Amino acid sequence: MTAADLVQEAPYRFRIEPAGAMRVPGVVFASRELVDAADRAIGQVADVATLPGIVDASYAMPDVHWGYGFAIGGVAATDPRDGGVVSPGGVGFDISCGVRLLAADIDAAALAPVLADVMDGLDPAIPRGMGRGAVWHLPGRDELTGILTGGSGYAVERGHGVERDLLRCEDEGAVADADPGRVSERAVERGARQVGSLGSGNHFLEVQRVAEVYDADVAAAFGIRRDQICVMIHCGSRGLGHQICTDHVREMERAMPGHGIEVPDRQLACAPVESPEGRAYLGAMAAAANYGRANRQLLAEAARAVFRRAAGARLDLVYDVSHNLAKIEDHVVAGRRRRLCVHRKGATRALPPGHPDLPGDLRDAGQPVLIPGTMGTSSYVLTGVAGAPAFASTCHGAGRAQSRHQAARGVDGKNLRAAMERDGIAVRASSWRGLAEEHPGAYKDVSAVVEAAEGAGLCRKVARLVPVGVVKG
DNA sequence: ATGTAC
């Protein structure tokens, strides 16, 4: 199964006909160029179509690329009342990895004279990289429980943020039904010292400038305008989420024969949503999701303190949304309302205008969808559209074009930083090797991804942001 | 993504 097996149905829509054990078709939203870049991920989209209880189609977003079991950029919904399964591979190892955008009350011109001070303030204030500490150090399970059940709300309760922040968070900052009892001791140990830390790889905190506004009314509702300074934070649930994924994949591999489930790839390990293993995973996953949200809340507070001190500026939350999560949601499929388990792995929820889960001040505009690009290029703010396919989902980023190893070959981190600084982008990196692995050429063109997502009717462009300062793990 | 290996 490769890109050659895809039939083009529309300018940005390709179809994989059901064959073999596939229960539904595969649908890939992409341009011809992006489909050709998807490579091995196409076979994974077909594999996901074999999962018990899958509804409608196995979907892939324009930034789809190969991942653990499920492709990154995949969306799959199952019906629990029809034996539908939940699969940790459909969420990914970095549970609730996502993006938070804050808008400053100053423009780029006003920040310029103090940018170096802001960057020098962020450098020590934003813990990142491997094992380098965090905003909070919690001794153990008891101290972590508030975070695992309360997410961003718990951080706010403890003085890290304001109530309004929660209105601008997906799920108001916490997924319900978190079950800390399903989080292993090992996951707790790994997570206890990492609350409020970026991590590494493609995770970052960037100071950005709004370079272009495509829809002024929606942008105004989101609280952003041209030339304004914003802060974008991209990070997840660190070692805790990783350990939860590992634990529950193992558990489901053991349980699958008892449920009579066969999958074409071991990495698609899954269990019925309505089974002990399925419920255990969803409870632990929700706890990791809340950890990820609290993580972004604490890092946002750290950035706020720096901006207040170094620039006399305030940062208001635009939105916080995950792109690695499974959620129980209501959707109308073929005219019938159904409660489904929607897996989004490297895909962003994009609620349309009027959706009841949106806060009042965003009801007419739709949900802010935050798309991190690569350092040195652009990031995007999008919004959901009515009547979109794929269970109100869209892309999540540029998507890698080269492996980490390939990317670092022939690129020197120090030279890369110097080149970016010459282009007017301040860089505070914690690892030269890590920086080299993230050079923009290692990624697909995020603008082409967003173009395809909009062309496919998944979302609409609202604004484009460019980096002025990059803080990397 | 990830104490880059159970």
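Nothing here was measured: the structure is a model prediction, and the numbers come from that model. A note on names: the letters A, B, ... follow the listed sequences, proteins ahead of strands, and every chain is numbered from 1.
- A:Arg404 comes within contact range of the sugar-phosphate backbone alone, with a heavy-atom separation under 4.0 Å but no base atom that close.
- Taking atom CZ of residue A:Arg128 and atom P of nucleotide B:dT2, one finds them 14 Å apart after rounding to whole Å.
- Here B:dA5 presents its C1' atom at 13 Å from CZ of A:Phe93, a figure rounded to the nearest Å.
- Residues that satisfy the salt bridge (Lys or Arg N to Asp or Glu O under 4.0 Å) test with A:Arg293, not counting sequence neighbours, are A:Glu170, A:Asp171.
- Between A:Arg250 atom CZ and B:dA5 atom C1' the separation is 12 Å, expressed in whole Å.
- Salt bridge A:Lys472/A:Glu206: absent, no basic N to carboxylate O contact under 4.0 Å.
- Note on A:Gly239: only backbone sugar-phosphate atoms sit closer than 4.0 angstrom, heavy atoms only; bases stay farther off.
- OP1 or OP2 of B:dT2 lies within a sub-4.0 Å distance of a side-chain N or O belonging to A:Arg238.
- Atom P of nucleotide B:dT4 and atom NE2 of A:His203 are separated by 16 Å, given to the nearest angstrom.
- When the side-chain nitrogen and oxygen atoms of A:Thr246 are compared with OP1 and OP2 of B:dT2, none of them lie within a distance under 4.0 Å.
- A:Phe93 and A:His242 have tilted rings, their planes meeting at an angle from 30° to 60° on a 0 to 90° scale.
- Residue A:Gly92 is classed as having no contact, given no heavy-atom separation below 4.0 Å to the nucleic acid.
- Between the OH atom of A:Tyr291 and the C1' atom of B:dT2 there is a distance of 13 Å, given to the nearest Å.
- OP1 or OP2 of B:dG3 has not a single side-chain nitrogen or oxygen of A:Arg186 nearer than 4.0 Å.
- The shortest distance between the side-chain N/O atoms of A:Gln243 and the OP1/OP2 oxygens of B:dG3 is not below 4.0 Å.
- One atom, CZ of A:Arg400, and another, P of B:dT2, lie 13 Å apart when rounded to the nearest Å.
- Note on ring orientation: taking the six-membered ring where Trp is involved, the planes of A:Trp136 and A:His160 are perpendicular (angle over 60°, cut-offs 30° and 60°).
- For residues 256-268 of chain A, the salt bridge (Lys or Arg N to Asp or Glu O under 4.0 Å) pairs, not counting sequence neighbours, are A:Glu253-A:Arg266.
- A:Arg193 comes within contact range of no nucleotide atom at all, as no heavy-atom separation falls under 4.0 Å.
- Separating the CZ atom of A:Arg190 from the P atom of B:dA5 is a distance of 13 Å, rounded to the nearest angstrom.
- Taking atom CG on A:Asp247 and atom P on B:dT2, their separation rounds to 16 Å, with Å as the unit.
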